[in-house]
Each structure stands twice: as C-alpha cells, then as structure tokens.
There are 2 protein chains.
Amino acid sequence: MNNSTYHIFFTNLSNPLRIKIVTSLKQKEKNVTELSKELKVEQSKISHALASLRCCNIVDVKQEGKQRIYSLNKKTIVPMLKLIDKHAKTFCAGDCKGCGR
Amino acid sequence: MNNSTYHIFFTNLSNPLRIKIVTSLKQKEKNVTELSKELKVEQSKISHALASLRCCNIVDVKQEGKQRIYSLNKKTIVPMLKLIDKHAKTFCAGDCKGCGR
DNA sequence: TGTTCATATGAATTATAGTTCATATGAGTA
DNA sequence: TACTCATATGAACTATAATTCATATGAACA
C-alpha cells in the first residue's frame, strides 16, 4: 500500500474536533445541528470537519428532510480506536502524553 | 479512552516522513544513518522524526556502540496499517486521495 | 415564490506543525 | 585527552492546517 494513503488517512484523524465527532458518532448517528450543540462548536466548524471525514469515507451522510444525518463507518474506526486503547494501556501507561515537540 | 490520546497518536502518524520511516522499519530495524541514506533525508530531520515516534512508543531504540538502532513496535502499527489498507480497498477504490482542503 | 431552517463553502486570518542549520552530546578510538 | 563518527537538540524560519465569518445553497412549507 502507498504511504500517501496512510498520510491522508492519519491526517484526517489528527484533529481534536474530528476525533470528538468520531467518538460522538460511535454512540449514534447525528445531524450537524445536534453535533454542534452537543460539542458546543460553531456550525461551520462542524461542517468543515465533517467534509474532511467524508473524503476518507470515515463518515457517511444521508439526507432526511432538510437535515443531513452523519454516521460513523464503524468497520474501520472502531477496531482502530481499540488498537490505540490497547497500545496506550500496554506501552504508554494508560494514555499517550506526547512529548511536547 | 480519552480523545487526547487518539489525537496525539494520530498526529504522530500524520506526517509523510514519519510514515516513510515506519514502513521502512517494518522490513527491519535500522540506525539513523541507514534511514537517512535510504530515504535521502537529512540526519537531523530523521532524528526529529524518530524522537516523535519514540514519544508514543511507536518505535523502540537500542544502543549498539555509537549507533542507535531503531525498531518498529509492530504490535500496534502492523495491524493498524492493515486496517487502512482494507479501508482504502473497500471504501476508497484502492487509495485515499483526500479532498484538497 | 418568498421565507425560514439546516447545512455547505470560500477566503482571509490565525494557529500548529515541520524544516533547517548551527551546535551539543556522547560513544569509541588513536 | 583530543579527535571522529553517530546522533540529538534548540530556535528561527517556513509551510500546512484550522478557525472565522460572511455568504451561498437547498429543502420544506406558508
């Protein structure tokens, strides 16, 4: 597999807001306004974040009336987050702190 | 698990050089000079990249004489890259192109 | 068809992360 | 202990990505 795909994919998930959206959608699908209210984040920020996530098919959309319902593509993301959980537990004493650079 | 760990972990892998190093170390462990020559990248760039990867325990180091041998922590990374391979194949027609934003 | 609610988009600004280069550290060896 | 090879580090600079805000689109409905 080519490195560029990895780079694009990881970059997409390397953002606090997008991660928040992902973990929120893990529970259940939501529309933009719901996400905006739940996360206390301005609507256009949510929309931009969702646009990125859609690019890599990390989330799916469906239209329902004037709402757009976003759902998580769990096939990839759920096992991936599990890998990180396990990694952090095993190698980073619970959670990864980064190294300030 | 807390979102900050996900963020730090993904950010670490969201960089072309660090990904190159990771995929190179998947084959076999290498020292800094070897990586620098193989990837045709200046030594300090490699060192900085390795420092980041070490923070999240994505790579390990051992000293051997004056060299430092870096190896990949395969437990997490190998299955993670496989997940992306499969994702790209299944959902992105082979490889993820991003969306130019 | 004009108004409202829901969401998306573009572009300028701002924040974050990466590169570069000069230099420091540190192991081995003459 | 002075020198060399291997690697690390800090800080200024540069590049990349995120935020903001004004505005566009588009569905529903009066």
Peer 1: Could you give the CG-to-C1' distance, from L50(B) to dA6(D), as a whole number of Å?
Peer 2: 13 Å
Peer 1: Mind calculating the distance between CG (L53(A)) and C1' (dA8(C)) to the nearest angstrom?
Peer 2: 15 Å
Peer 1: Return the value, rounded to whole Å, for the distance between atom CG of L13(B) and atom P of dG18(C).
Peer 2: 11 Å
Peer 1: May I ask you to say what S44(B) touches in the nucleic acid, namely base, sugar-phosphate or nothing, with a heavy-atom cut-off under 4.0 Å?
Peer 2: base
Peer 1: Where the side chain of V32(A) is defined as all heavy atoms beyond and including C-beta, which of dC21(C), dA8(D), dA8(C) is the nearest nucleotide?
Peer 2: dA8(C)
Peer 1: With nearest nucleotides of DNA chain D determined for N15(A) and R68(A) from heavy-atom distances, which residue corresponds to the more 5′ nucleotide?
Peer 2: N15(A)
Peer 1: The side chain of R54(B) lies closest to which of these nucleotides: dA8(D), dA6(C), dA27(C)?
Peer 2: dA8(D)
Peer 1: Does the N57(B) side chain pair with the main chain of F91(A), one donor and one acceptor, at a distance under 3.5 Å?
Peer 2: yes
Peer 1: Nearest nucleotide by nearest heavy atom, which residue falls closer to the 5' end of DNA chain D, S14(A) or I69(B)?
Peer 2: I69(B)
Peer 1: Can you tell me how far C1' of dA8(C) sits from CD of E42(A), to the nearest Å?
Peer 2: 12 Å
Peer 1: Could you check Y70(A) against R68(A) for side chain to side chain contact (heavy atoms under 4.5 Å, CB included), going step by step and ending with a plain yes or no?
Peer 2: CA-CA 6 Å; Y70(A) 283 84; R68(A) 279 169 178 236; 4.0 Å; yes
Peer 1: Using a cut-off of strictly less than 4.0 Å, decide whether K45(B) has a side-chain nitrogen or oxygen near OP1 or OP2 of dT19(C).
Peer 2: yes
Peer 1: Going by ring centres under 5.5 Å and near-parallel planes (under 30°), is H48(B) stacked on dT9(D)?
Peer 2: yes
Peer 1: Could you tell me how far apart E34(B) (CD) and dA6(D) (P) are, to the nearest whole angstrom?
Peer 2: 11 Å
Peer 1: For Q43(B) and for R18(B), locate the closest nucleotide of DNA chain C by heavy-atom distance; then report the residue assigned to the nucleotide nearer the 5' terminus.
Peer 2: R18(B)
Peer 1: Atom CD1 of I8(B) and atom C1' of dA17(C): how far apart are they, to the nearest Å?
Peer 2: 14 Å
Peer 1: Could you check whether any side-chain N or O of H7(A) sits under 3.5 Å from a backbone N or O of N3(A), counting only pairs where one atom can act as donor and the other as acceptor?
Peer 2: no
Peer 1: Looking at E34(A) and N31(A), would you say the former's side chain and the latter's main chain have a donor-acceptor pair under 3.5 Å?
Peer 2: yes
Peer 1: For Q67(A), report the nucleic acid contact type (base, sugar-phosphate, nothing); a contact means any heavy atom under 4.0 Å.
Peer 2: sugar-phosphate
Peer 1: From the list dC21(C), dA27(D), dA8(C), which nucleotide is the closest neighbour of the side chain of Y70(A)?
Peer 2: dA8(C)
Peer 1: Would you mind reading off the distance between K20(A) atom NZ and dA18(D) atom P, rounded to a whole angstrom?
Peer 2: 14 Å
Peer 1: Ignoring hydrogens and angles, tell me if any N or O in the side chain of H87(B) forms a donor-acceptor pair with the backbone of L83(B) under 3.5 Å.
Peer 2: no
Peer 1: Mind calculating the distance between CD (Q63(B)) and C1' (dG26(C)) to the nearest angstrom?
Peer 2: 8 Å
